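Read the numbers this way: they start at 1 and go in the same order the structure lists the ligands and their atoms. All heavy atoms count here, side chains included; hydrogens, waters and symmetry mates do not. Being a predicted model, the structure only gives us computed values, none of them experimental.
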Amino acid sequence: MGKEKIILTGDRPTGRLHIGHYVGSLKRRVELQNSGLYDKTFIFIADAQALTDNIENPEKVRQNVIEVALDYMAVGLDPMKSTIFIQSQIPELCELTFYYMDLVTVSRLQRNPTVKTEIQMRNFETSIPVGFFTYPISQAADITAFKGKLVPVGEDQLPLLEQCREIVHKFNNIYGETLVEPEAYLSKLPRIKGLDGNEKMGKSLGNAIFLADEPEVIQKKIMGAVTDPEKIKIDDPANPDICMVYYYHKLIGNENLETVCKECKAGKRGCVACKKELINKMLEFLKPIAEKRKYYEEHPEKVEQILKEGSQKAKKVAEKTIKEVKTSMKINYFD
Ligand code: TRP
Ligand code: SF4
């Protein structure tokens, strides 16, 4: 038990994935998947978790399950190497959540910093849905059902991982070694900024380039990106370090980065030309992703099959864990 190196992570389907998600985490996941260093990889779409604060928008969640699945396929997550599935299709996760609820106090949940911030962000203070309040417990079920050991997540998820570890600890203490304690696999990359210079690239902030954006849309967005405001004339020297165009040249690994920097500082580069160069590089960077996405958009039946088979496979694994859990808890009456 616990000897297998299992990677597990998930995303809430609340919007399409953008280039910040790609550079900050998806790319790394694909590398982990392809590294051959891990025994199994589970990647799932957390639709049940998304519903905890979107209960009135089932259509939005459903649509985004498909969008996220397409993004997964587009960036190179591979159903031959990773089990890709939909959270709600694994009822065992609810069962586990129910038992884990006995191991967590209300005050512990209230102290969870991520939950705290999210409650404020959603103005839930006076009317927190119980399901939302307890999603850290359900997230612990997600992780432990598949014996996830390494969980690639962003920093905002650390309190959830900590809570999961506490649950595992308590469970194993009371019922005997059963569950595997997970570790966060933190992305070392900083948070990706938006085209407007905002510290965060966000779905709702209107400052993101989505993996599914059409070339014309990307062009328009980059033409509107924030540059050094002091640069007025084409030959004014400027500071690339405060320019989002430069930031993105760097982010996607433009091999002429030094030239861009030098020319900008020397006033030898106009912002329009600089943006046009970025547009070309960006389209080139996203081309393989866009092509793959298009292929799967045109073959929705393939996406459906991948998700269906992945969910069936995942269910088998979760069933096995539930059996072990029930045995440990002495509620395996008819075995
Ligand atoms: N909370 C994660 C997010 O906001 C999604 C998620 C659900 C998750 N269950 C998980 C991530 C288990 C890692 C492990 O995107
Ligand atoms: Fe930014 Fe390029 Fe203009 Fe310099 S020349 S401010 S790097 S857009």
- Atom NZ of K27 with >12 non-hydrogen neighbours under 6.0 angstrom: no
- Message: Could you tell me, atom by atom, which parts of ligand 1 come under 4.0 Å of a heavy atom of V151?
- Response: 13 (C), 14 (C)
- Query: Does CD in E319 sit with more than 12 non-hydrogen atoms of other residues, nucleotides or ligands closer than 6.0 Å?
  - Reply: yes
- Does ligand 1 have a heavy atom under 4.0 Å from the side chain of D142, from its backbone, from both, or from neither? side chain
- Which atoms of ligand 2 sit under 4.0 Å from any heavy atom of C264? 4 (Fe), 5 (S), 6 (S), 7 (S)
- What residue and atom, counting heavy atoms only, is the protein's closest point to atom 6 (C) of ligand 1, and at what distance? Q139 OE1, 3.7 Å
- Item | T227 neighbourhood, listing ligand 2 atoms whose heavy-atom distance to it stays under 4.0 Å | 8 (S)
- Task: Pull out every atom of ligand 1 sitting under 4.0 Å from any heavy atom of A46, numbered as shown with elements.
- Result: 7 (C)
- Task: Would you indicate whether the side-chain heavy atoms of C271 and V245 approach each other to under 4.5 Å?
- Result: no
- Message: For H169, is the NE2 atom crowded, meaning more than 12 foreign heavy atoms sit under 6.0 Å from it?
- Response: no
- Message: Need the ligand 1 atom indices (1-based, order shown) with element for anything under 4.0 Å from a heavy-atom of I143.
- Response: 12 (C), 14 (C)
- Task: For ligand 1, indicate whether the residue Q87 contacts it via side chain, backbone, both or neither (heavy-atom separation under 4.0 Å).
- Result: neither
- Query: Side chain of H18, backbone of H21: donor and acceptor closer than 3.5 Å?
  - Reply: yes
- Query: Among Q157, Q163, Q87, which one satisfies side-chain hydrogen bond (donor to acceptor under 3.5 Å, both in side chains) with Q139?
  - Reply: Q157
- Message: For a 4.5 angstrom cut-off between non-hydrogen side-chain atoms, does Y38 reach Q33?
- Response: no
- Message: Pairs of nitrogen or oxygen atoms closer than 3.5 Å, one from Q157 and one from ligand 1: do any exist?
- Response: yes
- Message: Assess the residue pair K320 and E324 against the criterion (salt bridge (charged side-chain N to carboxylate O under 4.0 Å, His left out)); give the C-alpha distance rounded to whole Å, side-chain angles, the decisive distance to 0.1 Å, and a yes or no.
- Response: CA-CA 7 Å; K320 189 161 169 275; E324 292 165 5; 3.6 Å; yes
- Task: May I ask whether R269 has any heavy atom positioned less than 4.0 angstrom from an atom of ligand 2?
- Result: yes
- Would you call the rings of F146 and F85 parallel, tilted or perpendicular, where under 30° means parallel and over 60° means perpendicular? tilted
- Cation-pi, Y22 ring and R29 (6.0 angstrom, 45 degrees): no
- Identity and distance of the protein heavy atom lying nearest atom 7 (C) of ligand 1: Q49 NE2, 3.2 Å
- Measure the distance from atom 2 (Fe) of ligand 2 to every protein heavy atom, then report the residue, atom name and distance (to 0.1 Å) of the closest one. C274 SG, 2.4 Å
- Item | ligand 1 contact on R12 by region, counting heavy-atom pairs under 4.0 Å | both
- Counting only heavy atoms, which portion of C243 has something under 4.0 Å from ligand 2: side chain, backbone, both, or neither? side chain
- Message: Counting only heavy atoms, tell me which of C271, A273, A225 gets closest to atom 6 (S) of ligand 2.
- Response: C271
